[in-house]
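So that the names make sense, note that chain A is the first sequence line, chain B the second, and so on, each numbered from 1.
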Protein chains: 2
Amino acid sequence: MSSTACRECPLRKRAIFTPMSREEIVFTQQFKTGELVVDAGTTILLEGSNSPQLYTVLKGMGTRYTTLENGRRQVINFLFPGDFAGLQAGLMGEMKHSIEATTPMTLCVFRRTALFQLYELHPERAYDLTWIAAVEEHFLGETIASLGQRSAAQRIAWALVRIYERLKAVGMEAHGSVPLPFKQQDLADALGLSLVHTNKMLKMLRDKNLAQWQNGRLKVSNLPALATVAMIDLAAPEPRPLI
Amino acid sequence: MSSTACRECPLRKRAIFTPMSREEIVFTQQFKTGELVVDAGTTILLEGSNSPQLYTVLKGMGTRYTTLENGRRQVINFLFPGDFAGLQAGLMGEMKHSIEATTPMTLCVFRRTALFQLYELHPERAYDLTWIAAVEEHFLGETIASLGQRSAAQRIAWALVRIYERLKAVGMEAHGSVPLPFKQQDLADALGLSLVHTNKMLKMLRDKNLAQWQNGRLKVSNLPALATVAMIDLAAPEPRPLI
DNA sequence: CGGTCCTTTGATACTAGTCAATTGTTGTGG
DNA sequence: CCACAACAATTGACTAGTATCAAAGGACCG
């Protein structure tokens, strides 16, 4: 199967992404060197390595995580279609975290060496790259606030709302639910909770008819109610650039 | 008192910051529109506002925080000299967090409207800006790992080590200690701990002779030992750009 | 000198972690 | 097609780490 052309990119059409001019599309196409297709379970980027690539997730899902000295794992965030990865290695020379494919994934691969060229020749795209970093920074800040100030139940609710929104924004909602092929352990590691307690909180939300996550799909029957539990002020997600 | 010229900038000389060419200094000077001097306690940026400015901390310290719906405060990080602020508002149009001066502060002010010009005319500086965002992203990721996976004692130790390193890197170490004019409540809010428990953990570290934080100064007699408690692999800090 | 703010300490309550065992699911080989 | 292994989800019992509550110093200021 041949590589997807940027102009045909199914993600770009989504309202969540800021529109791109034809020229931008052409340049992005040049910047793209190919596609990486990996099986579920593959480690795409390894902490400490200096992988020379930048990626955008085209299909599939993964986790971005670090491992502490005591062996505990922290999932920094989940990777969904449209997400950009590898900027830290791209600029700082070394990965500060690992990325693992949870499902089979397809990633657009960009040449890291072309990064500086991008800054010189395509300021709008460079601007977008910084924008992406700023959006990511904002999201990480919100995660910090969740881990620091929300109770276990609130954290789970918060994560489910955010995940639901993100997947919906990239068009993965169907039959009132979204695919969510992670293990409960992954969510636990993302929220700093134990697996057992995560399980109990999920059951609680299920019993209250707020969110059902089973068989790899997440169904939220009453999003506003779940957002209330999560202490989230539900707002339309702001458009962000896609690279 | 007149504004500090970029070429005289006392921060730029520090090894922690990547060197700047004369041209870069000249441009930065043009980009800078002045200085903001504020008293302790001033709110510099307010969540939700669309402040049109970008800042670099020249002197003093502050906190970057958000407030949740239930009134609890999460300190995202501390602002020290050399730190850059306002990028989110600069790109995304609205502040996602507030910034408050803890001590009197002096900030270099940059014109937000010149931001795009910077991308068009000075790709190296634009590159640096993205670099700064990536460094910040990395630091926030480490914070997430701390809140998620470290115990209270480890979190405190972690924070003190990181703070000590950062202040030392900008030349604020003197007599084997660094100034740290925050309240225990600020640290508690940064680490997602209660004030009381934070106090007890600080006492524990003090009793073990690992770290003394009193009267606005932090003294770490045995940094490697503190880093061990914190589960940190002590490494020389990597240089980052200054704007 | 009283008031305010921050730090410190003790007592108690509760959230979430750990341990252990059971159930359900999927895939494999006989 | 069934037995078994491997893994994920679930549940219950118990424990530990932190939060909460309350009160007492200390430091600073008008």
Side-chain angles (χ1 to χ4, degrees), chain A residues 39-41 63 68 70-75 100 102-103 146-160 179-208 211-219 229 231, chain B residues 39-41 63 68 70-75 100 102-103 146-160 179-208 211-219 229 231:
Chain A
D39 288 337
T63 54
L68 298 217
N70 60 359
R72 298 181 60 145
R73 180 180 75 140
Q74 174 68 42
V75 172
E100 187 178 309
T102 301
T103 67
S146 288
L147 299 197
Q149 309 300 335
R150 279 185 242 257
S151 70
Q154 292 171 334
R155 274 184 239 185
I156 301 267
W158 171 80
L160 295 183
L180 193 64
F182 298 99
K183 290 179 277 186
Q184 293 187 357
Q185 184 72 62
D186 294 321
L187 186 61
D189 286 347
L191 299 178
L193 297 171
S194 71
L195 168 62
V196 173
H197 203 57
T198 300
N199 180 285
K200 285 171 181 168
M201 294 297 105
L202 283 169
K203 172 176 165 56
M204 184 270 287
L205 292 176
R206 212 183 308 133
D207 290 349
K208 286 191 177 176
Q212 276 101 52
W213 177 26
Q214 273 158 333
N215 305 119
R217 287 197 78 86
L218 168 64
K219 181 168 189 173
V229 173
M231 290 196 316
Chain B
D39 288 338
T63 54
L68 299 219
N70 59 358
R72 299 181 59 147
R73 180 180 75 141
Q74 174 69 42
V75 171
E100 187 178 310
T102 301
T103 66
S146 288
L147 299 198
Q149 309 300 334
R150 279 184 242 256
S151 70
Q154 292 170 333
R155 273 184 241 185
I156 302 267
W158 171 81
L160 295 183
L180 193 63
F182 298 99
K183 290 178 277 184
Q184 293 187 359
Q185 183 72 62
D186 294 322
L187 185 61
D189 287 347
L191 299 177
L193 298 170
S194 70
L195 168 62
V196 172
H197 203 58
T198 300
N199 180 283
K200 286 170 181 167
M201 294 296 105
L202 284 169
K203 172 178 166 55
M204 184 270 286
L205 292 176
R206 211 183 310 133
D207 291 348
K208 285 192 179 175
Q212 275 100 49
W213 177 27
Q214 273 158 331
N215 305 118
R217 288 196 77 87
L218 169 64
K219 181 169 189 172
V229 173
M231 292 197 312

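- Where A/Arg155 and A/Asn215 meet DNA chain C, the nucleotide closest to each residue was compared, and A/Arg155 sits on the side nearer the 5' end.
- Distance CD (B/Gln214) to C1' (D/dC28): 17 Å, rounded to an integer number of Å.
- Regarding B/His197, its NE2 atom lies at a distance of 13 Å from the C1' atom of D/dT20, rounded to whole Å.
- The nearest whole Å value for the distance from the NZ atom in B/Lys183 to the C1' atom in D/dA27 is 15 Å.
- Considering only side-chain atoms of B/Ser151, the nucleotide from D/dT10, D/dT18, D/dT20 that sits closest is D/dT18.
- For the pair A/Met204 CE and D/dT11 C1', the computed distance is 16 Å after rounding to whole Å.
- If you take CG of A/Leu195 and C1' of D/dT10, they are 9 Å apart, rounded to a whole angstrom.
- Running 5' to 3' along DNA chain C, contacts with non-hydrogen atoms of chain B at under 4.0 Å begin and end at C/dC6 to C/dA11.
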**OP:** Could you please spell out the steps behind the side-chain contact (heavy atoms from CB on, under 4.5 Å) verdict for B/Trp213 and B/Leu205?
**Re:** CA-CA 10 Å; B/Trp213 177 27; B/Leu205 292 176; over 6 Å; no

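- Counted within 6.0 Å of CG on B/Asn70, heavy atoms from surrounding residues, nucleotides or ligands total more than 12; the atom is thus considered enclosed.
- For A/Gln212 (side chain) and A/Leu218 (main-chain N/O), no donor-acceptor pair under 3.5 Å exists by modelled atom type.
- The structure places NZ of A/Lys219 at 14.0 Å from CZ of A/Arg206, a figure rounded to the nearest 0.5 Å.
- Among the atoms of the strands shown, only primed sugar atoms or phosphate atoms (P, OP1, OP2) are found under 4.0 Å from some heavy atom of B/Lys203.
- Side chain of A/Arg155 to backbone of A/Leu193: no donor-acceptor contact under 3.5 angstrom is found.
- Residue A/Leu202 is classed as having no contact, given no heavy-atom separation below 4.0 Å to the nucleic acid.
- Distance CD1 (B/Ile156) to P (D/dT18): 10 Å, rounded to an integer number of Å.
- In this structure, the CD atom of B/Gln184 is 14 Å from the P atom of D/dA27, given to the nearest Å.
- A salt bridge between B/Asp207 and B/Lys200 is absent, with no side-chain N of the basic residue lying under 4.0 Å from a carboxylate O of the acidic one.
- When B/Gln74, B/Arg73, B/Arg72 are each tested for a side chain to side chain donor-acceptor pair (under 3.5 Å) with B/Asp189, only one passes: B/Arg73.
- In this structure, B/Gly192 reaches the sugar-phosphate backbone alone: every heavy-atom distance under 4.0 Å involves primed, P, OP1 or OP2 atoms, never a base.
- Spacing between atom CE of A/Met201 and atom C1' of D/dA9 amounts to 15 Å, rounded to whole angstrom units.
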